[in-house]
Protein chains: 2
Amino acid sequence: MKTTIKEVAKEAGVSISTVSRVLNGRDRVSRHTINRVREVIEKLQFQPDFVARTMIMKRTSTIGLIVPQLSNEYWALMSEVIQDELWARGYTTLICSTDNEPDKENAYLRMCSERRMDGVIYCSSPHYGLAAGEQIEALKTAGIPLVSLDPNIAGVSCVIGDHLQGTYIAVEHLIRLGYGRIAYIGGPAVSIEREFGYRKALMMHGYTVDESLIRVVQGQSFADGYEGLQSLRASGIAFDALFCGNDLLAFGAIKAMEEAGIRVPEDVAVVGYDDIFSARLFKPSLTTVRQPIQDIGQELVQLLLASLETEPERRTVRKIVIPTELIVRESSGSGQMKA
Amino acid sequence: MKTTIKEVAKEAGVSISTVSRVLNGRDRVSRHTINRVREVIEKLQFQPDFVARTMIMKRTSTIGLIVPQLSNEYWALMSEVIQDELWARGYTTLICSTDNEPDKENAYLRMCSERRMDGVIYCSSPHYGLAAGEQIEALKTAGIPLVSLDPNIAGVSCVIGDHLQGTYIAVEHLIRLGYGRIAYIGGPAVSIEREFGYRKALMMHGYTVDESLIRVVQGQSFADGYEGLQSLRASGIAFDALFCGNDLLAFGAIKAMEEAGIRVPEDVAVVGYDDIFSARLFKPSLTTVRQPIQDIGQELVQLLLASLETEPERRTVRKIVIPTELIVRESSGSGQMKA
DNA sequence: ATGAAAGCGCTAACAA
DNA sequence: TTGTTAGCGCTTTCAT
């Protein structure tokens with residue numbers, strides 16, 4: 001049986017309220033009593049019951065974190081950063097990996113309100129966000145503060161990577177190197193903004209966007225990249241550079257080129273997005289756009305905690321955009337002089 | 001303000017116990033009452049307070065999971081598998097990434113007992129386990145069931161990959177391909193058993209173990225592998241194959257060889273361990289030993305839940321060893337005929 | 001500075 | 001089948 005505050009009180013010869021007071025340290029207790037109680041606590045190995053405490057205090061000191069997939073390096077890192085940050089500020093993080101299943105996401109979101117999370121950080125991708133709309137509303141109704149990585153949820157503060165700018169600098173990098181026929185392979189959802197960045201870069205540099213160089217594929221995986229490139233090749237269109245919506249897509253595309261005898265970067269320069277761990281190891285090492293996960297995570301936490309410490313009526317909705325960084329490696333080549 | 005069971009009771013014109021009964025569904029309630037209460041619950045959007053319920057039931061339906069580093073692909077996957085498995089069985093997983101810091105590990109372990117986790121799955125590496133000994137004991141004293149990936153905790157059931165066998169088959173693979181001078185680079189802790197597997201394979205095949213071919217490095221990282229190989233080269237010793245305690249070490253070693261003009265696998269065949277995601281992408285793609293994370297995770301969960309459902313006195317300590325699998329790719333070459 | 005007592009929202013005997 | 005009551009382990013007025 002666990003030791004309770006009652007036993008401590010009896011053993012120390014004081015009332016439970018006194019024990020509670022030394023536990024919480026806000027009310028004043030005589031030095032002498034404090035010491036005596038502390039001793040007993042030590043001796044009895046007493047640990048206050050967090051659950052009971054929670055019930056009264058009406059706060060769990062726990063934040064729910066919803067991510068699409070823990071086995072995805074990006075989300076794993078994000079989770080770690082957020083957990084560390086929250087831990088440092090006295091919160092426990094309940095990490096929930098939805099595996100991109102809307103049902104699971106709903107269930108987890110629901111759990112967050114049942115279990116009285118103090119707040120929720122929602123990092124699921126917009127693509128799947130639709131199904132969660134109801135639960136998100138439920139959280140809001142329950143008065144649970146929420147921040148998100150998805151800018152498309154009304155009335156919810158968010159922190160986002162600047163995908164448009166990220167893609168812009170990536171494509172601009174290719175343009176500066178002298179490549180003129182830059183193809184694009186991207187997935188759905190968030191990648192939309194990356195496509196815009198691609199278009200913007202071309203336009204700002206006086207190029208016309210050739211729609212036949214653009215491939216919007218089904219998913220975000222290696223296989224999708226492979227297919228995207230097949231499709232590009234099948235159309236017979238010529239290109240000397242390629243921007244991919246993420247690193248995995250880039251790996252897949254490079255694989256397809258390799259099989260077709262196209263050399264990277266000699267024949268086609270490639271740039272990815274995300275800077276996943278393998279990007280450095282891959283051969284050729286991948287030029288890519290790095291998202292400052294650390295910064296994003298910290299901002300999310302700050303935003304949420306700020307919300308927690310503000311009365312509901314005075315809370316404001318913020319949208320914070322974090323700049324990205326281009327990491328130049330081998331795959332984008334050393335440039336190419338136009339004939 | 002959250003709706004409580006009281007308001008539901010009043011609105012439905014029944015007592016709170018009746019509401020509780022329809023909520024839990026074990027006592028029998030008349031069809032009619034059930035419907036009426038359900039309606040009110042629906043109408044009031046009532047969600048029973050998990051915390052209050054927990055307090056009485058003395059179970060949180062939550063399992064603590066301690067992993068060394070979420071940003072490590074291996075642990076991320078393991079966490080995901082375990083969380084899925086537990087979720088499917090009605091438990092929530094509280095994932096805690098200790099970042100290999102003993103203090104943090106202790107704090108998390110402590111939290112697990114404060115927060116009354118129903119059980120704990122301990123996946124921290126033995127190397128850091130020492131510091132946690134006290135908290136582990138505390139958990140045991142508190143009667144919180146515990147399972148582990150580490151076979152070295154007395155009185156705790158564990159599930160482990162068969163490192164000895166894994167390394168054995170890896171090295172045997174190299175021997176069968178005709179390599180005679182097989183070097184070893186491995187990290188500390190768990191890798192000890194891998195070293196044993198290496199020795200065993202050599203011995204079983206009639207080779208003498210040449211100690212000068214063995215390098216036990218500081219850590220498990222890319223840099224450590226790089227250094228390990230430098231050290232091997234510095235000693236001037238000849239080798240035609242190399243086994244590395246994990247894939248990252250292998251990548252590092254290959255990098256070092258590459259810089260030294262040693263070709264893999266033509267000059268030196270390499271085998272890694274873990275089959276991390278990049279192993280496939282790396283060039284040359286890495287022959288490696290795959291740990292069946294899925295199986296390990298599921299066994300851990302089963303072991304723990306079995307423990308939960310058994311009265312403390314009747315619990316048994318089990319050690320489950322999961323076989324590993326060799327994934328042959330390019331880095332081990334196609335064999336080499338001895339002169 | 002300390003104690004007594006009233007709950008937090010719910011479940012689980014025990015009655016009726 | 002349903003209601004009444006007594007807590008779960010703690011914090012927090014309100015007295016003293």
Side-chain angles (χ1 to χ4, degrees), chain A residues 1-41 44-62 111 113-118 142-144, chain B residues 1-41 44-62 111 113-118 142-144:
Chain A
M1 210 53 213
K2 279 281 302 177
T3 350
T4 74
I5 199 175
K6 228 170 174 171
E7 303 165 53
V8 175
K10 190 197 284 178
E11 182 76 14
V14 296
S15 74
I16 58 168
S17 18
T18 301
V19 178
S20 173
R21 276 189 268 258
V22 348
L23 242 32
N24 296 291
R26 37 176 152 276
D27 256 335
R28 37 179 59 280
V29 184
S30 79
R31 265 259 143 272
H32 177 250
T33 316
I34 290 185
N35 290 145
R36 158 189 242 71
V37 172
R38 289 242 172 91
E39 264 169 36
V40 176
I41 287 178
L44 263 46
Q45 295 262 52
F46 168 72
Q47 271 188 324
D49 185 333
F50 195 85
V51 177
R53 176 178 273 176
T54 284
M55 183 141 139
I56 301 174
M57 311 253 253
K58 307 224 166 300
R59 53 195 298 269
T60 53
S61 298
T62 308
M111 183 207 70
S113 79
E114 273 176 4
R115 296 206 171 198
R116 301 250 180 299
M117 298 292 102
D118 288 346
I144 299 181
Chain B
M1 209 54 214
K2 278 282 304 178
T3 348
T4 74
I5 199 174
K6 228 168 173 171
E7 302 164 55
V8 176
K10 190 198 282 177
E11 182 76 15
V14 295
S15 73
I16 58 168
S17 23
T18 300
V19 177
S20 172
R21 277 190 268 259
V22 348
L23 242 30
N24 297 289
R26 41 175 150 277
D27 257 336
R28 35 179 61 280
V29 184
S30 80
R31 265 260 141 273
H32 178 251
T33 317
I34 290 185
N35 290 147
R36 162 191 240 73
V37 171
R38 289 242 172 92
E39 264 169 35
V40 177
I41 286 178
L44 263 46
Q45 296 262 52
F46 168 72
Q47 273 188 323
D49 185 334
F50 196 85
V51 177
R53 175 178 274 176
T54 283
M55 184 140 139
I56 301 173
M57 312 253 254
K58 308 224 165 298
R59 54 193 299 267
T60 52
S61 298
T62 308
M111 183 208 70
S113 78
E114 272 175 6
R115 295 206 171 196
R116 302 252 180 296
M117 298 292 103
D118 289 346
I144 299 181

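Every chain is numbered from 1 and lettered A, B, ... according to where its sequence line falls, protein lines coming before strand lines.
- Taking A:Ala12 as the reference, A:Val14, A:Arg36, A:Val37, A:Val40 meet the side-chain contact (heavy atoms from CB on, under 4.5 Å) condition, with sequence neighbours excluded.
- For the pair B:Lys2 and B:Gln47, the minimum side-chain heavy-atom distance is below 4.5 Å.
- A:Glu7 contributes a side-chain N or O that, together with a main-chain N or O of A:Thr4, makes up a donor-acceptor pair within less than 3.5 Å.
- Counting to the nearest Å, the C1' atom of D:dC10 and the CD atom of A:Glu7 are 14 Å from each other.
- Atom CD1 of B:Ile34 and atom C1' of D:dT1 are 11 Å apart (whole Å).
- One can place NZ of B:Lys10 at 14 Å from P of C:dG9, the figure rounded to the nearest angstrom.
- In this structure, B:Arg31 places its CZ atom 11 Å from P of D:dT1, rounding to the nearest Å.
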task: Show the numbers, then the answer: is there a side chain to side chain donor-acceptor pair (under 3.5 Å) between A:Ser20 and A:Ser17?
output: CA-CA 5 Å; A:Ser20 173; A:Ser17 18; over 6 Å; no
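- Residue B:Val14 is classed as a sugar-phosphate contact, given heavy-atom separations below 4.0 Å to backbone atoms only.
- Atom CZ in B:Arg36 sits about 15 Å away from atom C1' in D:dT1, given to the nearest Å.
- The phosphate of D:dT11 (OP1 or OP2) has no side-chain N or O of A:Lys58 nearer than 4.0 angstrom.
- As judged by a 4.0 angstrom heavy-atom cut-off over every strand, B:Thr33 is placed among residues touching the sugar-phosphate backbone only.
- Separating the CG atom in A:Asp49 from the CZ atom in B:Arg116 is a distance of 3.5 Å, to the nearest 0.5 Å.
- A sub-4.0 Å separation between OP1 or OP2 of D:dT2 and a side-chain N or O of B:Ser30 is present.
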statement: Under a 4.0 Å heavy-atom criterion, the protein footprint on nucleotides 10-16 of chain C, written with B, S and -, is BBB----
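- Between A:Ser15 and C:dA4 there is no side-chain polar atom (N or O) within less than 4.0 angstrom of OP1 or OP2.
- A side-chain contact (heavy atoms from CB on, under 4.5 Å) with A:Arg21 holds for exactly one of A:Thr33, A:Val29, A:Ile34; it is A:Val29.
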